[in-house]
Q: 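Below you will find the structure I want to go over with you.
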2 protein chains.
Amino acid sequence: MNRKPNLKDVAELAGVSAITVSRVLTHPDKVAAKSRQKVEQAIAELGYIRNHAASALASNRSGVLAVIIPSLSNIVFNEVLQGIYSAVKPHQLQVILGDCHYSPLEEEKLIATLLSQAPEGLILTGTDQTDYARKLLQNAGIPVVQLMELTNNPIDINIGFSHFAAGKAMTEHLLARGYRRIGFLGARMDPRTQHRLAGFRKAIEDWNTANNAKNSGAEPSSARCEPYVVTTSQSSSIKLGGQLLQSVMAESAGQCDAVFCCNDDLALGALFAARQMNLRIPADLAIAGFNDLEASALVDPGITSVASPRFAMGQQAVELILQKASGAQTEFSPLDVGFSIMVRGST
Amino acid sequence: MNRKPNLKDVAELAGVSAITVSRVLTHPDKVAAKSRQKVEQAIAELGYIRNHAASALASNRSGVLAVIIPSLSNIVFNEVLQGIYSAVKPHQLQVILGDCHYSPLEEEKLIATLLSQAPEGLILTGTDQTDYARKLLQNAGIPVVQLMELTNNPIDINIGFSHFAAGKAMTEHLLARGYRRIGFLGARMDPRTQHRLAGFRKAIEDWNTANNAKNSGAEPSSARCEPYVVTTSQSSSIKLGGQLLQSVMAESAGQCDAVFCCNDDLALGALFAARQMNLRIPADLAIAGFNDLEASALVDPGITSVASPRFAMGQQAVELILQKASGAQTEFSPLDVGFSIMVRGST
DNA sequence: AAGCAAAATGGTTGCGCTAACATTTTGGCT
DNA sequence: AGCCAAAATGTTAGCGCAACCATTTTGCTT
């Protein structure tokens, strides 16, 4: 026999019926130890491997979890993925991963493709899905998680934190440290980066307002905080951080005394470049980042950054999907996992 | 109607037969434009999504590519993955990714699981599969790629480079630069790392032999090159690099004048730690790494490292699998993609 | 030993789709 | 108009498995 063995072949060899073999594979406790042993031996002997497609078709359960991330190369999503994999492991689940390259349209296509696998659940990054994608997901009737950021209008389950609040908090930290000519270095400018930038602007606006009120008598302009915003649609890298630092220095005529980088890659690049420009950190220039990568804590000076529980978010996404899939009809309100500012030498 | 629409529903709405709808999805050029249009409209109207399981079962083609990497967290495999995804994109293929945590046994289990999806091909990392895994793969009859390193006894397709040669070449570079008390810092010690270490040892042994021959008259010991090897089974990180540097300094009583780190994470950590120890790089201490991460080129001084075409390897793996799957019965001999030593300031 | 509930096992059927073959329609030619 | 090959479409059957329900066996109690 040259074709691959199937259930029936195993059943014949083991001297039982096909359905018993099937049960050994899916509900081993429903089968007497003796039969189970015979079946297991037959499986080993034939090198039998269950046909997942047939199983999924007959049982209407795919055992697949679909995940779409915006970028494989960004280590941030990698950590989320690790959380997802760690949570998936004890369950009989395969992960199908798609990379939508930060494009909602690609994401839409991917969703359509991945839904054809009839996944048990779907994990998306961010909250900017197209209308058609939302419709597809509604029709699919499976648990969907929007991860990383929060929205008032979730498709289903929503886990994340406010990038606006984080951006604002970090900027307030810089203001509190006395920096007044603060640059924002932004790359790729995906929605979350834009929220961080919005938080940055809000913090400065608020500060200027408050400051004007205080110094209502004096000339206000002298105490105003001046933001310098340099952004690019290029994707982020360490090298780019250095280039953007030069841009902001040029734009501010060297006045810039602090930069808030939209992520730690840029921040590291800015740090390396600042050293070459003979800027003392943080005396001449403060550097703040986002994501709290390992390197940020270990360079000298350490880079102040925003930490968030990425691994845990991934885990939680899987857990809530499984909860929901197993019938728990609890409503999940958006789950804010928060963030924290890791203050280090760079500010 | 509450259940999900199927092919027949679409066919009825479009006024054609089910098989025509199926053809629109798989061989659109075999269907007249008029019918195709009707079908496409019906699909859109119903929000129809093909049942992949049924399709796979009936057609005996899964449209799935299985990939197993040893670690999600190691950026090296991430880059390979990116190559895989880029090559997969133009084809109708989904990637199912497994993480075996550097364990051949986990890998074996994963292989069994992933094979149940009847993938069109399988990409593995390294060449250390268990015997049972090899047997499973032989039975499966699908193209298999062993990636990253080379072997004389490949399961099927083999793409990679010699980590032994790379380790040897880097050590020879250090010797050529005049360093004589060279440390090897190794973490996790997976097979590839061990080959690098073997190359390191061989280079030093060769050098000592040659040197003895030359100085046969003089006392040989004074000119001997002394290796210091510090390894740990812990997984690699920047922080660990600093700790291992301290270990090797302690072990060598401060005599060590160069360290060859088994990867750039360790090398970065060693660099940061060396600065804090007030060692001048490369005057007091040379640092060499492996993998040529982006940061290695941008820190100051840049870290000398071994570069390899990881992205291209991933791409090539997919392409060879597809070639083989489409019937090209060409035999592939192990494909050596080579490596190059990126010499930078740290040595 | 008889009776019975529970556990174990089996037969039938259909999941949704596509391969293979069969049939119909189309369009170009004389 | 009539013919014919090629293109388009349809019919039938079955992929391998698990749900459902039916039947048999087991192991316990009286």
Side-chain angles (χ1 to χ4, degrees), chain A residues 1-40 42-43 46-64 92 113 115-120 140, chain B residues 1-40 42-43 46-64 92 113 115-120 140:
Chain A
M1 175 175 59
N2 248 340
R3 64 177 173 75
K4 282 196 227 156
N6 60 22
L7 259 195
K8 202 177 278 181
D9 299 326
V10 177
E12 275 167 19
L13 182 58
V16 298
S17 72
I19 186 67
T20 299
V21 179
S22 169
R23 273 196 276 258
V24 168
L25 293 171
T26 18
H27 314 285
D29 49 317
K30 303 251 176 200
V31 177
K34 203 162 40 167
S35 319
R36 188 166 58 224
Q37 210 172 337
K38 281 191 296 183
V39 168
E40 277 164 357
I43 287 176
L46 292 175
Y48 169 74
I49 287 187
R50 167 160 56 176
N51 182 322
H52 172 265
S55 167
L57 180 59
S59 69
N60 201 26
R61 308 204 69 243
S62 67
V64 158
Q92 188 88 3
T113 310
L115 281 183
S116 78
Q117 305 266 355
E120 316 284 335
Chain B
M1 175 176 60
N2 247 340
R3 66 178 170 74
K4 282 197 227 157
N6 62 20
L7 257 196
K8 202 175 279 181
D9 299 326
V10 177
E12 276 168 19
L13 181 58
V16 297
S17 72
I19 186 69
T20 300
V21 179
S22 169
R23 273 196 275 257
V24 168
L25 293 171
T26 19
H27 314 287
D29 50 317
K30 304 250 175 199
V31 177
K34 203 161 43 165
S35 319
R36 188 166 56 227
Q37 209 172 337
K38 281 191 297 183
V39 168
E40 276 164 357
I43 287 177
L46 292 175
Y48 169 74
I49 287 186
R50 169 160 56 176
N51 183 322
H52 172 266
S55 167
L57 180 59
S59 69
N60 202 25
R61 307 204 71 243
S62 67
V64 158
Q92 189 87 4
T113 310
L115 281 182
S116 78
Q117 305 267 353
E120 316 284 334

Q: Whole angstrom is fine here: how far is it from CG in A/L46 over to P in D/dG16?
A: 14 Å
Q: How far apart are the C-alpha atoms of A/L13 and A/Y48, what are their side-chain angles, what is the distance that settles it, and do they pass the side chain to side chain contact (heavy atoms under 4.5 Å, CB included) test?
A: CA-CA 11 Å; A/L13 182 58; A/Y48 169 74; over 6 Å; no
Q: Can you tell me the distance, in whole Å, between the CG atom of A/L57 and the P atom of D/dC15?
A: 13 Å
Q: Can you measure A/Q37 atom CD to C/dA8 atom C1' for me and round it to whole angstrom units?
A: 16 Å
Q: On the nucleotide C/dG10, are OP1 or OP2 found under 4.0 Å from the side-chain N or O atoms that A/T20 carries?
A: yes
Q: If I compare all heavy atoms of A/S22 with all of A/T26, which pair ends up nearest, and what's the gap?
A: O-OG1, 2.6 Å
Q: Would you mind reading off the distance between A/N60 atom CG and C/dC17 atom P, rounded to a whole angstrom?
A: 12 Å
Q: Under the side chain to side chain contact (heavy atoms under 4.5 Å, CB included) test against B/V10, which residue among B/V16, B/T20, B/I43, B/L25 passes?
A: B/I43
Q: Where do A/L115 and A/A140 come nearest, in terms of heavy atoms and distance?
A: CD2-CB, 3.8 Å
Q: When you check every protein heavy atom under 4.0 Å of nucleotides 17-29 of chain D, what one-letter string (B, S, -) results, 5' to 3'?
A: BBB----------
Q: Tell me: CD of B/Q117 to P of D/dG16, nearest whole Å?
A: 16 Å
Q: Restricting to side chain to side chain contact (heavy atoms under 4.5 Å, CB included), what partner residues turn up for B/R36, sequence neighbours left out?
A: B/V24, B/P28, B/V31, B/A33, B/E40
Q: Do any side-chain atoms of residues 49-58 of chain A form donor-acceptor pairs under 3.5 angstrom with protein atoms, and if so which ones, sequence neighbours left out?
A:
unit_1, atom_1, unit_2, atom_2, d
A/N51, OD1, A/A53, N, 2.9
A/N51, OD1, A/A54, N, 3.0
A/H52, ND1, B/Q117, OE1, 3.2
A/H52, NE2, A/S62, O, 2.6

